[in-house]
Trainee: 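Provided herewith is a single structure, encoded as structure tokens, for subsequent inquiry.
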Amino acid sequence: EVQLVESGGNLVQPGGSLRLSCAASGFTFSTYSMTWVRQAPGKGLEWVANIRYDGNEKYYVDSVKGRFTISRDDAKNSMFLQMNSLRVEDTAVYYCARLCGSGGNWYSTFDFWGQGTLVTVSS
Amino acid sequence: DIQLTQSPSFLSASVGDRVTITCRASQGISSHLVWYQQKPGKAPKLLIDAASTLQSGVPSRFSGSGSGTEFTLTISSLQPEDFATYYCQQRTRYPITFGQGTRLEIK
């Protein structure tokens, strides 16, 4: 059974940093590309970043470029989101999800999602 | 960026009704359109990929159609468990974008 479990969400002050983790199980993590999607309270879904299965390609929404870094550790079956220079508008539930297709056949349809972790940026 | 506009944003319907949600893209996206269902406090669930491909385990009362710039999600006969928020998403090019959502509530 595919499982994704996010952790690391917390209350942080504007300008602060936070590192989110996504622990994966139930599939061969190293062959799947992964994503972070966020949802501000009472709002819709916003894609944040993708990382290719081999870690060699990363994509970001403009609003987080230069502040957030997506990474992965296949030995630990985990993905991460390092968030720096946090802003009030980054407040959201952050979901990790798996992209469809393994290896070079990946595409940005998100077939399995974690339960999310809440990041609150407030003074 | 490719903008996705869903209509309606809110829909009130009864069990057994047939409902259709529309997603319009600001530019052509071929069939690279995905539909998700989200219930309160839960993660989104993948329903339909490539505009019309029903995911395994999704009831056949759900269907999707369209290509280019206009897409629809249809639920043929609403069941109590279908009351949720539905999102479309395009995967043609970065940044990946979602529609604003359609909240489906019980009349």
Side-chain angles (χ1 to χ4, degrees), chain A residues 1-7 9 20 22-24 27 32-52 57-66 68 70 92-101 105-118, chain B residues 1-11 21 23 25 29-58 62 64 71 73 84-105:
Chain A
E1 178 193 5
V2 172
Q3 283 199 322
L4 298 169
V5 179
E6 303 92 337
S7 61
L20 305 184
C22 172
F27 64 102
Y32 281 87
S33 301
M34 300 291 293
T35 193
W36 289 99
V37 174
R38 67 185 178 183
Q39 187 168 36
K43 302 297 184 182
L45 301 170
E46 180 184 33
W47 170 76
V48 175
N50 276 7
I51 185 166
R52 202 171 77 170
E57 290 183 9
K58 304 175 184 180
Y59 305 88
Y60 300 91
V61 68
D62 281 352
S63 60
V64 308
K65 281 180 184 175
F68 290 11
I70 190 171
V93 173
Y94 285 72
Y95 295 100
C96 69
R98 190 182 81 169
L99 273 66
C100 283
N105 295 319
W106 64 281
Y107 54 98
S108 292
T109 293
F110 311 137
D111 60 356
F112 289 94
W113 297 63
Q115 84 291 347
T117 187
L118 176 62
Chain B
D1 298 3
I2 298 174
Q3 295 183 7
L4 299 180
T5 303
Q6 291 182 231
S7 59
S9 294
F10 177 84
L11 183 55
I21 299 168
C23 178
I29 58 171
S30 185
S31 296
H32 301 152
L33 195 283
V34 187
W35 290 99
Y36 300 92
Q37 176 194 67
Q38 186 180 34
K39 296 182 179 179
K42 301 295 185 181
K45 173 188 174 183
L46 175 61
L47 294 178
I48 290 171
D49 187 27
S52 61
T53 302
L54 203 64
Q55 294 303 290
S56 174
V58 175
F62 290 89
F71 303 85
L73 171 69
T85 299
Y86 293 85
Y87 293 94
C88 58
Q89 174 231 316
Q90 65 81 19
R91 54 177 176 83
T92 287
R93 68 178 60 91
Y94 291 105
I96 294 160
T97 49
F98 290 88
Q100 82 278 13
T102 294
R103 184 176 171 191
L104 177 54
E105 290 201 342

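So you know, we letter chains A, B, ... as the sequences are listed, proteins then strands, and number each from 1.
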Trainee: CG of L33(B) to SG of C88(B): how many Å apart, nearest 0.5 Å?
Mentor: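 Between atom CG of L33(B) and atom SG of C88(B) there are 5.5 Å.
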Trainee: CD1/I96(B) to CG/L45(A) distance, rounded to the nearest 0.5 angstrom?
Mentor: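 Atom-to-atom, I96(B):CD1 and L45(A):CG are 12.0 Å apart.
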Trainee: Could you please show the donor-acceptor pairs under 3.5 angstrom between chain B and chain A, with distances rounded to 0.1 Å?
Mentor:
unit_1, atom_1, unit_2, atom_2, d
Y36(B), OH, F110(A), N, 3.0
Q38(B), OE1, Q39(A), NE2, 2.9
Q38(B), NE2, Q39(A), OE1, 2.8
Q38(B), NE2, Y95(A), OH, 3.4
K42(B), O, Y95(A), OH, 3.3
D49(B), OD1, T109(A), OG1, 2.7
Y87(B), OH, Q39(A), NE2, 3.3
Q89(B), NE2, S108(A), O, 2.8
R91(B), NE, T109(A), OG1, 2.9
Y94(B), OH, N50(A), ND2, 3.0

Trainee: Can you say whether V48(A) sits under 4.5 Å from chain B via the side chain, the backbone, both, or neither, judging by heavy atoms?
Mentor: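 Neither part, no heavy atoms under 4.5 Å.
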Trainee: What pair of heavy atoms forms the shortest contact from G9(A) to L20(A), and how long is it?
Mentor: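 So the minimum-distance heavy-atom pair works out to N-CD2, 3.7 Å.
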Trainee: Return the minimal non-hydrogen interatomic distance between A24(A) and L4(A), and the atom names on each side.
Mentor: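 It is CB-CD2, 3.6 Å.
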Trainee: Considering all heavy atoms of both residues, which atom of A92(A) and which atom of A40(A) are nearest to each other, and what is their separation?
Mentor: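 Minimum heavy-atom contact is CB-N, 3.6 Å.
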Trainee: To the nearest 0.5 angstrom, please state how far the CZ atom of F110(A) sits from the CG atom of L46(B).
Mentor: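 One gets 10.5 Å once the value is rounded to the nearest 0.5 Å.
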Trainee: For chain A, which candidate among P95(B), P44(B), G101(B) shows the most heavy-atom pairs at distances under 4.5 Å?
Mentor: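 Result: the option with the highest number of such pairs is P44(B).
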Trainee: Which value, rounded to the nearest 0.5 Å, describes the distance between C22(A) atom SG and I51(A) atom CD1?
Mentor: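 It is 11.5 Å, given to the nearest 0.5 Å.
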